Amino acid sequence: MVKIEGTLNELRALLGNAERATASIVETVEEVKTTAKKTRRKLSQWQRYIKNRTNHIKFKRGPKKGRLDLAAMSKAFKRSKK
């Protein structure tokens, strides 16, 4: 914590400038957020492979039933590239 000492007028001058500065910074950050867009990067081959629902291999029974079998999908993906 910081201890500030001074007369009331000095404190108002210090803190008033700080409040105006932070308010202007917040406003400019919000403006930049609305104008600047994130550039999308191209998906990797693996990500495109997973995105396709026809490539999904799921566990058929057991405690993992219904989940994606990523090991089997990985093998199928590697074989498909040859």
Side-chain angles (χ1 to χ4, degrees):
M1 194 156 21
V2 177
K3 185 176 180 182
I4 302 174
E5 294 181 358
T7 64
L8 190 56
N9 290 333
E10 291 172 345
L11 292 176
R12 282 188 183 140
L14 283 172
L15 298 178
N17 292 339
E19 288 174 7
R20 276 187 246 119
T22 55
S24 64
I25 290 171
V26 169
E27 291 170 0
T28 54
V29 167
E30 288 174 1
E31 290 173 11
V32 170
K33 279 185 185 176
T34 56
T35 57
K37 292 183 181 178
K38 261 189 172 176
T39 55
R40 304 269 310 178
R41 65 174 178 78
K42 186 179 175 184
L43 294 178
S44 69
Q45 286 183 334
W46 170 247
Q47 288 170 325
R48 280 184 271 144
Y49 181 83
I50 288 218
K51 193 175 180 181
N52 191 349
R53 291 189 62 103
T54 58
N55 296 327
H56 287 187
I57 301 172
K58 297 190 177 185
F59 290 101
K60 294 182 180 176
R61 57 185 161 339
K64 294 182 180 179
K65 182 179 179 180
R67 292 188 194 172
L68 290 179
D69 187 355
L70 292 175
M73 288 178 68
S74 174
K75 289 174 191 169
F77 172 69
K78 289 173 185 174
R79 278 192 221 113
S80 70
K81 289 176 66 177
K82 289 183 180 179

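When a residue number appears, it is its place in the shown sequence, counting from 1. This is a predicted model, so every value here is computed, not measured.
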Can you give me every donor-acceptor pair (side chain of residues 58-75, partner residue at least two apart or in another chain, under 3.5 Å) with its distance?
unit_1: Asp69; atom_1: OD1; unit_2: Ala72; atom_2: N; d: 3.4

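Contacts of Ser44 classified as side chain to side chain donor-acceptor pair (under 3.5 Å), with partners at least two apart in sequence or in another chain: Gln47. Remark: Asn9 pairs with no residue by the side chain to side chain donor-acceptor pair (under 3.5 Å) rule, at least two apart or across chains.
Counting Ile, Leu, Val, Met, Phe, Trp and Tyr side chains that sit under 4.5 Å apart, directly or through other members, Leu43 stands alone, with no cluster partners.
Residue pairs that meet the ring pair (Phe, Tyr, Trp, His ring centres under 6.0 Å) test with at least one member in residues 60-82, sequence neighbours left out, are Trp46-Phe77, Tyr49-Phe77.
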